[in-house]
Amino acid sequence: MKQKILNLFKKENLLKFFFSFTWLAVLLFVIDIVSKQIVKNNMYVGQEIWLIPNFLEIHYIQNNGMAFGIDFNDVTTNTIVFILISVIGLIALTFIYIKSYKKFSSVAKAALMLMISGTFGNLIDRAFYVEPTTGEHFVVDFIGFFGTDGFPRFNVADSCLVIGVFMLMIYFIVDEIKNDARLKKEEKKEEHE
């Protein structure tokens, strides 16, 4: 048993763990949950605190809809559909990560871990945060830019999702460009032979 524990701390195992980016997903999940709890326990809904005047604010809202304003106008339907979407998304992302682990670069692995962390963070909110008067499940959103007329409010989990999606898109675009360049180079080589 002692040897197994010591093996975990060998250089190659530590590097493997580091480049799996599991630690990143856990760290960001914890930051997301803790930041939401701090806001939820120390602010009232609608309260605003400007960190940088007219630019960055903390503005506590309870978001019972979903991305892009998706809302079914029914408390039960919203809860079931949004939790189901989150669970399916979490399972799909985890499956892709595990299935493609050896093929993906560090960038793709980090992007998927960001997306898994964000999906799980918002799933926890949807499952456990309920507005007592309406019975609606909600996500704690609190980060805002440019005041109420600016960007929609979001949280750390939302940031992880958006950054992860962009990283993955850029990864696939760059990978496709590299593959095209490689194919063209091979075609030219074949023409000269």
Side-chain angles (χ1 to χ4, degrees), residues 21-97 108 110-171:
F21 295 98
T22 305
W23 62 270
L24 180 64
V26 172
L27 175 67
L28 291 170
F29 173 75
V30 169
I31 291 170
D32 177 58
I33 296 299
V34 168
S35 63
K36 289 173 180 173
Q37 282 299 308
I38 289 170
V39 168
K40 191 172 177 289
N41 293 333
N42 294 294
M43 295 178 71
Y44 58 85
V45 177
Q47 182 178 358
E48 297 179 34
I49 300 171
W50 283 96
L51 301 177
I52 301 173
N54 299 316
F55 178 68
L56 177 64
E57 68 174 330
I58 296 175
H59 180 182
Y60 175 30
I61 63 168
Q62 295 177 344
N63 181 359
N64 54 10
M66 202 166 193
F68 310 110
I70 297 171
D71 189 352
F72 297 102
N73 295 322
D74 177 69
V75 175
T76 306
T77 304
N78 274 351
T79 300
I80 292 169
V81 170
F82 295 159
I83 288 175
L84 192 59
I85 289 170
S86 294
V87 168
I88 291 169
L90 189 59
I91 291 169
L93 290 167
T94 304
F95 177 78
I96 291 167
Y97 181 83
L112 280 167
M113 277 301 172
L114 284 169
M115 295 165 65
I116 288 169
S117 177
T119 302
F120 193 55
N122 281 338
L123 171 61
I124 295 297
D125 283 19
R126 292 249 178 250
F128 297 108
Y129 292 163
V130 181
E131 167 54 45
T133 56
T134 62
E136 290 184 288
H137 289 247
F138 63 88
V139 171
V140 173
D141 286 338
F142 59 91
I143 303 169
F145 289 98
F146 309 114
T148 53
D149 297 331
F151 297 144
R153 302 300 170 262
F154 59 97
N155 56 44
V156 174
D158 297 335
S159 300
C160 290
L161 282 164
V162 170
I163 292 167
V165 167
F166 278 116
M167 283 175 65
L168 209 53
M169 285 172 36
I170 290 167
Y171 167 77

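Atom CG of L27 and atom CG of D32 lie 11.0 Å apart (nearest 0.5 Å). How far CZ of F21 is from CG of L28: 11.5 Å, rounded to the nearest 0.5 Å. Residue I49 holds its CD1 atom at 11.5 Å from CG of L56, rounded to the nearest 0.5 Å. Atoms CG and CD1, from L90 and I85 in turn, are 13.5 Å apart once rounded to the nearest 0.5 Å. D125 CG to K36 NZ: the interatomic distance, rounded to the nearest 0.5 Å, is 3.5 Å. Atom CD1 of residue I163 and atom CG of residue D158 lie 10.5 Å apart, to the nearest 0.5 angstrom.
Shortest non-hydrogen contact noted between F138 and V130 is CE2-C, 3.5 Å. Annotation for A111 and G164: closest pair CB-O, 3.4 Å, computed over non-hydrogen atoms. Here the closest non-hydrogen pair linking T119 and S86 is CG2-O, 3.4 Å. The shortest non-hydrogen separation linking S35 to V156 is OG-CG2, 3.8 Å.
Side-chain N/O atoms of N155 and N122 include a donor and acceptor closer than 3.5 Å.
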Steps toward side chain to side chain contact (heavy atoms under 4.5 Å, CB included) verdict (T134, N64)
CA-CA 11 Å; T134 62; N64 54 10; 5.9 Å; no

Intermediate values then yes/no, side chain to side chain contact (heavy atoms under 4.5 Å, CB included), I58 and I143
CA-CA 5 Å; I58 296 175; I143 303 169; over 6 Å; no

Go through it in stages, so that I can follow the logic: the residues are Q62 and V140, the test is side chain to side chain contact (heavy atoms under 4.5 Å, CB included), and I'd like the CA-CA distance, side-chain angles, deciding distance and then a yes or no.
CA-CA 5 Å; Q62 295 177 344; V140 173; 5.7 Å; no

Before giving the answer on salt bridge (Lys or Arg N to Asp or Glu O under 4.0 Å), spell out for E48 and R153 the whole-Å C-alpha distance, their side-chain angles and the decisive distance to 0.1 Å.
CA-CA 11 Å; E48 297 179 34; R153 302 300 170 262; 5.7 Å; no

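Under the 3.5 Å distance criterion, the side-chain polar atoms of H137 are matched with a main-chain donor or acceptor of R126. Panel note: side chain S117, backbone L114; no donor-acceptor pair is recorded below 3.5 Å. The backbone N or O of N63 sits nowhere less than 3.5 Å from a side-chain atom of D141 that would complete a donor-acceptor pair. Under a 3.5 Å cut-off, the side chain of N41 and the backbone N or O of Q37 do form a donor-acceptor pair. Not a single donor-acceptor pair under 3.5 Å links the side chain of E57 to the backbone N or O of H59.
Taking the side chain as every heavy atom from C-beta outward, Y129 and V139 never approach each other to under 4.5 Å. Looking only at side-chain heavy atoms (C-beta outward), I124 and F29 come within less than 4.5 Å of each other. At least one side-chain heavy atom of M113 sits less than 4.5 Å from a side-chain heavy atom of I116.
Between F145 and F154, the ring planes lie parallel to each other; the angle is under 30°, not in the 30° to 60° tilted range.
For F142 and Y60, the ring centers are positioned 6.0 Å apart or more.
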